[in-house]
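First comes the structure, then the notes that go with it.
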Amino acid sequence: MENIISRYRNVTILVAILFVQVLGLAVQVKRATDDRPTRLIRVWAVDVVTPLEKSIVWFQHGVTNLWHNYFYLRGVRQENRDLKQQIENLRIEQTRMHEDAEQARRLQLLLGFKEQFISRTIAAQVIGLTGSDQSRAIYLDKGAREGIRPDMAVVTADGVIGKVLRVYGANRFEASVSQVLLINDQTSGVGVILEKSRLQGVLRGTPLGEVVLEKVMSDETVQPGDRVLTSGGDRIFPKGLPVGTVTKVSPGPELFLNIRVKPTADLGCLEEVLIITQQEEREPIVAGGAPMRAADILAQRLPSVPDRPPDDPNKPPPPTSGLKILPAPGGTIGQGSTNPKPGANVTGSSAVVKTAPALPRTAVASDTSGKSGSNSATIPLKGSPVAKPAPKPASPPIKTQATGDATQATTSNQVKTKPSQSEPPPQQPAAAPTPPQDQPQ
Amino acid sequence: MPITYTSNEQVEVYRFSLPVAIAVPLVAIFLQAFIPLRFHFFSSIDLPLLVVIFFALARRSPVTGLLTGAAIGLIQDSLTHQPIGVYGIAKTVVGYGASSLGVKLDVENAGSRFLVTLFFFGLHEVLYFSVARELLGLTLQWSWLHELGSALANAFLAVLLFAVLDRFKQRT
């Protein structure tokens, strides 16, 4: 026996080494969720390799910054002018979009939605890869000592790139780095939603490093070019971050579509990334404060049927009453809204209107009776021939700011009221005016 | 270039100093993890594998070869997010095979080095895919064209790399 072993010593050792490794693999596969058995050897390997990577990246960036910031400044003035122009354009766009954002927040508030905010991020440098085509992960120069934890989302300005898988540096003898699993790895998964159709699915990597969208039924319509966003359903990535664009749609196995997605971030050329270390969920903050019903918002945006006139034979022909939205000087009332026809009445609903500071749109309160405090705020459309008073106090208590002859009411829908100059004073409504119920904010 | 058969007496066995034996594999692993970050095509190259083959051929000791392969493979595994042992198993076999072949063949010339690297790269890929697919259940796609291109690229690089690493050889 001893003779046989000594004769086949090399093969025996080979078999023994292979057996140990296969056994180790089996243990790791069985304890797939527990990283402890292999933690030590990974720490050793990472401690050996990553400090060198860190120092080379640091040196390389030092040289690059020195060159770009002190020597190679050709074209900087032109670039500066272009950027200033871009800022101006973005400011205009920001003003345009602000209103819709406020509107969306109010609707979210009404529906009890909670907004997800990225409240804190940490910038990190990509220092290395895994060195394997079958393991699409990267190493970052920030780790446990910087507050990085597993399952934190990692993004760039272009979109999502992956999540933190392992973190090193818990004690001061370890290199403080972290390993990030990219979204094109076959073991990754991201909950996503298609921007247009709002279809939800799971984004996965393929063995070849491509990205596909799974779990979308074959009877759904998905077009190439559709943008893919995070859905927030995986509790890792905040909702609404760009992930990619659909490039190819074809019938897949079983009942699902085979959807190929091109990531918005260039996963093959990553240098700097952001790790989302803290997310918060809170109710949307609406400028102006108080909640407003969805019906009221719609009532303010859309033309509605005029109130029925009071059945008072002694009164002159009943005017239409209530809040009328005037076209803004720009001609439109809010983006995406239907322009109300002249004379369109937007009261009549139980609007609880509060003031708002930002006032991109205007309506005019035609309470020109001189009695401040009246909340029968008839807000005629600018240019309408006659502003007619409301026949009775509007059931919606409109929070107004009484300012002498004219009541300037600022609604939470950012409707600013101001007196109409070209209109005769309307008749006082029959019902006694109700004092304002709240002060504007 | 012909591959010449030699007797055990004719075969020269080399050894390496401890710093070289430690530093060269570590540098290879480091470059493998770092260079593809800037040059993506480099991900087709397997520098640690080339180092395993070189040491195995030079030392001509199967036990040392398989231990070197196992160590380098396990470190390479440690940098991935997959279970440790896939590269370890593949490189253990390659180290054993290359050192066993080194005993039989003269692998000092460029032609034999090219062919030997071509063969062991293929063996390494077959082992890796088998272990990853059968033991870990990973879905891998085998592409003959890609593997052939990678094998040729690695073989060319091996000829150059081995010529550089020859400078660290010490005669026993």
Side-chain angles (χ1 to χ4, degrees), chain A residues 9-14 16-18 20-29 31-32 35 37-38 40-46 48-50 52-53 56-57 60 126-139 165-166 179-181 185-188 206-209 268-271, chain B residues 22 26-38 40 42-48 61-63 65-67 69-70 73-90 92-93 95-97 99-100 128-129 131-132 135-143 146 150:
Chain A
R9 188 177 68 100
N10 294 341
V11 178
T12 308
I13 293 173
L14 172 68
I17 295 288
L18 290 177
V20 169
Q21 292 186 71
V22 170
L23 202 64
L25 267 179
V27 170
Q28 292 171 69
V29 170
R31 299 180 184 177
D35 195 31
T38 59
L40 201 57
I41 187 169
R42 287 190 197 278
V43 169
W44 290 341
V46 167
V48 166
V49 174
T50 54
L52 198 56
E53 291 174 335
I56 288 183
V57 168
Q60 182 189 358
V126 180
I127 58 171
L129 305 173
T130 59
S132 169
D133 264 353
Q134 305 305 328
S135 172
R136 298 178 196 282
I138 56 174
Y139 280 90
L165 193 65
R166 290 194 179 93
Q179 189 186 47
V180 174
L181 185 68
D185 187 87
Q186 62 175 317
T187 58
S188 76
T206 67
L208 296 177
C269 186
L270 295 168
E271 288 189 16
Chain B
I22 293 174
L26 290 181
V27 168
I29 291 168
F30 159 72
L31 292 176
Q32 187 66 41
F34 186 74
I35 294 179
L37 199 62
R38 303 289 186 269
H40 196 62
F42 199 83
S43 58
S44 299
I45 303 294
D46 196 342
L47 270 183
S61 164
V63 174
L66 72 90
L67 289 177
L74 290 176
I75 295 174
Q76 204 177 354
D77 274 321
S78 306
L79 293 176
T80 70
H81 72 281
Q82 290 164 350
I84 294 175
V86 190
Y87 278 115
I89 290 172
T92 301
V93 176
Y96 178 84
S99 56
S100 302
Y128 180 88
F129 271 67
V131 172
L135 289 184
L136 299 184
L138 292 177
T139 309
L140 303 179
Q141 288 186 354
W142 179 274
S143 165
H146 179 260
S150 298

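In what follows, chains carry the letters A, B, and so on, assigned in the order in which the sequence lines appear, proteins first and then strands, with residues in each chain numbered from 1.
- Proximity of a side-chain donor or acceptor of Q28(A) to a complementary backbone N or O of I84(B) within less than 3.5 Å is detected.
- Here the CZ atom belonging to R42(A) is positioned 5.5 Å from the OG1 atom belonging to T80(B), to the nearest 0.5 angstrom.
- Proximity to chain B (any heavy atom under 4.5 Å) is restricted, for R9(A), to the side chain, taken from C-beta onward.
- Using a 4.5 Å cut-off between heavy atoms, I17(A) contacts chain B through its side chain alone, with no backbone atom that close.
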Run the side chain to side chain contact (heavy atoms under 4.5 Å, CB included) check on S132(A) and Y128(B) step by step: do they pass? CA-CA 11 Å; S132(A) 169; Y128(B) 180 88; 3.9 Å; yes

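- For a residue to count as touching a neighbouring chain, one of its non-hydrogen atoms must lie under 4.5 Å from one of that chain's; by this rule L67(B) touches chain A with the side chain only.
- Heavy atoms closer than 4.5 Å to chain B are found nowhere in T206(A), neither backbone nor side chain.
- Neither the backbone nor the side chain of I138(A) comes within less than 4.5 Å of any heavy atom in chain B.
- Contact annotation for V131(B): only side-chain heavy atoms (C-beta onward) come within less than 4.5 Å of a heavy atom of chain A.
- For D46(B), the salt bridge (charged side-chain N to carboxylate O under 4.0 Å, His left out) partners two or more places apart in sequence, or in a different chain, are K91(B).
- Heavy-atom distances place the side chain of L26(B), and not its backbone, under 4.5 Å from chain A.
- Using a 4.5 Å cut-off on side-chain heavy atoms (C-beta onward), F34(B) and V57(A) make contact.
- Contact of L140(B) with chain A is made through backbone and side chain together, with heavy-atom distances under 4.5 Å.
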Could you please spell out the steps behind the side chain to side chain contact (heavy atoms under 4.5 Å, CB included) verdict for D133(A) and H146(B)? CA-CA 12 Å; D133(A) 264 353; H146(B) 179 260; 4.3 Å; yes

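- Note that CZ of R38(B) and CD of E271(A) are 5.5 Å apart. Values are rounded to the nearest 0.5 Å.
- With a threshold of 4.5 angstrom between heavy atoms, L14(A) approaches chain B through its backbone and through its side chain.
- Side-chain atoms of S135(A) come within 3.5 Å of backbone atoms of H81(B) as a donor-acceptor pair (strictly under, hydrogens ignored).
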Between L74(B) and Q21(A), is the side chain to side chain contact (heavy atoms under 4.5 Å, CB included) condition met? List the steps. CA-CA 9 Å; L74(B) 290 176; Q21(A) 292 186 71; 3.7 Å; yes

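- Of all the listed residues (I56(A), L25(A), V126(A)), the one sharing the greatest number of non-hydrogen pairs under 4.5 Å with chain B is L25(A).
- At distances below 3.5 Å, at least one donor-acceptor pair connects side-chain atoms of Q179(A) with backbone N or O atoms of L79(B).
- When heavy atoms are compared at a cutoff of 4.5 Å, V20(A) does not approach chain B at all.
- Residue contact with chain B, scored on non-hydrogen atoms closer than 4.5 Å, involves the backbone and the side chain of E53(A) alike.
- When each of V48(A), V46(A), D185(A) is scored by its heavy-atom pairs under 4.5 Å with chain B, the top score falls to D185(A).
- Only the side chain of Y96(B) comes within contact range of chain A, with heavy atoms under 4.5 Å apart.
- In this structure, the portion of Q186(A) lying under 4.5 Å from any heavy atom of chain B is its side chain and not its backbone.
- Note that the CD1 atom of I41(A) and the CG atom of D77(B) stand 8.0 Å from one another [nearest 0.5 Å].
- Heavy atoms only, all atoms of each residue included: N10(A) and P62(B) are closest at ND2-CG, 3.4 Å.
- In this structure, chain A has no heavy atom under 4.5 Å from any part of F42(B).
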